Amino acid sequence: MFDRFLYNNLILTYHRIVENEKQIDSEISSISVTTKTFERQIKLLKKKFNMVSIDEILKINNKYKKNLAITFDDGYKDNLTHAVPILEKYDVPATIYITTRFLENKWDMWWYEIEKIIWQKDKLDFHFLNKKYYFDLKEENNKKKCYKKLSLLFKNLSYSDQNKLLEQITKTKERVQFKDKILNKSDLIQLDQKKNITIGSHTHTHANLAILSDNDCKKELLYSKKILENILNKEIAHFAFPYGSKKDAGFRESNFVKDAGYQTAVTTQLGGEINNNLYLIPRVHIGENHDGWKLLIKLTWIYKIYYYIRFNFFNTKIFF
């Protein structure tokens, strides 16, 4: 039904592949897909697209053949334990972009820590940068609003300032460590030995490059690349912007990525065909609810029109 509307060359974004629905976190459920849904998605995509690696899709010139590449952001352990077996079963390549501070035993993730706090408390009040914050968290809807507001705040801070904010919120300097969720060095080496897996960089601290100084931006890019190349003893050619919206990844940032020696950079900016700028490549985010026809329609230009109208004119939630 949707075949003639499908884009020809697409890159998809995943984060986590979890064993069952009970493991899907409440407010960050959008980054988790169950193994059952993921396998159904892969089977359907295999029928509609030529599944290729990040390197291959950028070299393909045939606009009449539909090609698709799979990518994962952050570096979650379940990419190895749950995603790879399914990818291998269907002979599908994928690229996994790694946040390298996780490889230095820094397993804190603000998006998980604040989610845990919000859902445990009835209220939240703190001071940060001379501003007072107060959230009434008795109602579920208030918890969701709080998570959204705090996420925007964290997103626009450096890693050190994110930790300062967490100290104010939690009243402690001790950060929650999510070691069990993250790939370690041994996992990374094991992944790299898989014939269909490409390893890329996702900065060192999962930084929003747009809010960093030129010097700090360059450090994030070069240090992450160096860590991965030292561990894997090979060149790291591909990069993914954390957050990756138009505000987070612009021409300044893309030029720094190019200067750091990467060959490509992917964003989270909604797009269809791969554009001519290989350092601002659009991707399509895929979640648990993108199954069957909902998955296919999201891979067409129809969805982009729907998204634009709904977001810009009605400012309401995108339902699929």
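The model shown is predicted, which means the values in this text are computed figures rather than measured ones.
In this structure, Phe241 has its ring center under 6.0 Å from that of Phe239. Centroid-to-centroid, the aromatic rings of Phe38 and His82 stay 6.0 Å apart or farther. Taking the six-membered ring for Trp and the full ring otherwise, the centers of Phe178 and Trp107 sit at least 6.0 Å from each other.
Under a cut-off of 6.0 angstrom, the local environment of NZ in Lys132 is crowded, with over 12 non-hydrogen atoms contributed by other residues, nucleotides or ligands. Within a 6.0 Å sphere centred on CG of Asn233, heavy atoms belonging to other residues, nucleotides or ligands number 12 at most. In this structure, Lys171 places its NZ atom where more than 12 heavy-atom neighbours from other residues, nucleotides or ligands lie under 6.0 Å away. Within 6.0 Å of the NZ atom in Lys179, the count of heavy atoms belonging to other residues, nucleotides or ligands does not exceed 12. For Phe251, the CZ atom is loosely surrounded, since the number of other residues' heavy atoms within 6.0 Å does not exceed 12.
Cation-pi contact between Lys164 and Phe128: absent, since separation from the ring centre below 6.0 Å together with deviation from the ring axis within 45° is not met. Cation-pi contact between Lys181 and Tyr112: present, with separation from the ring centre below 6.0 Å and deviation from the ring axis of at most 45°.
Checking Arg175 against Thr170 by side-chain atom types alone, a donor-acceptor pair falls below 3.5 Å. For the 3.5 Å distance criterion, the side chains of Glu167 and Thr172 fail to qualify, holding no donor opposite an acceptor. No side-chain N or O of Glu19 forms a donor-acceptor pair with one of Thr35 less than 3.5 Å apart. Arg283 and Thr268 share no side-chain donor-acceptor pair at under 3.5 Å.
Taking the charged nitrogens against the carboxylate oxygens, Asp122 and Lys138 have no contact shorter than 4.0 Å, which rules out a salt bridge. Ionic pairing of Asp180 and Lys77 is not present here: no N-O contact between side-chain nitrogen and carboxylate oxygen is shorter than 4.0 angstrom. Ion pair Lys89/Glu39 flagged as a salt bridge, since at least one NZ, NE, NH1 or NH2 atom sits closer than 4.0 Å to an Asp/Glu carboxylate oxygen. Residues Glu139 and Lys143 are not paired through a salt bridge, judged by the lack of any N-O separation under 4.0 Å between the basic side chain and the carboxylate. The existence of a salt bridge linking Asp74 and Arg16 is excluded, since no basic side-chain nitrogen approaches an acidic carboxylate oxygen closer than 4.0 Å.
Placement of Phe256 and Leu222 in two distinct hydrophobic clusters is found when ILVMFWY residues are connected by side-chain heavy-atom separations under 4.5 Å, directly or transitively. Leu44 and Ile297 fall within a single hydrophobic cluster, where Ile, Leu, Val, Met, Phe, Trp and Tyr side chains are chained together by heavy-atom contacts under 4.5 Å. There is no path of hydrophobic side-chain contacts, each under 4.5 Å, that joins Phe135 to Leu152.
At a threshold of 4.5 Å between non-hydrogen side-chain atoms, the residues Asp248 and Lys155 count as touching. Using a 4.5 Å cut-off on side-chain heavy atoms (C-beta onward), Cys146 and Leu124 make contact.
A perpendicular orientation is assigned to the rings of His204 and Tyr223, their planes being inclined by more than 60° (bins at 30° and 60°). Taking the six-membered ring for Trp and thresholds of 30 and 60 degrees, His202 and His206 have ring planes more than 60 degrees apart, a perpendicular arrangement.
In terms of the side-chain hydrogen bond (donor to acceptor under 3.5 Å, both in side chains) criterion, residue partners of Asp192 (sequence neighbours excluded) are, by chain and number, Lys234. Gln162 pairs by the side-chain hydrogen bond (donor to acceptor under 3.5 Å, both in side chains) definition with nothing, not counting sequence neighbours.
Between the CG atom in Asn142 and the CD1 atom in Ile118 there is a gap of 11.0 Å [rounded to 0.5 Å].
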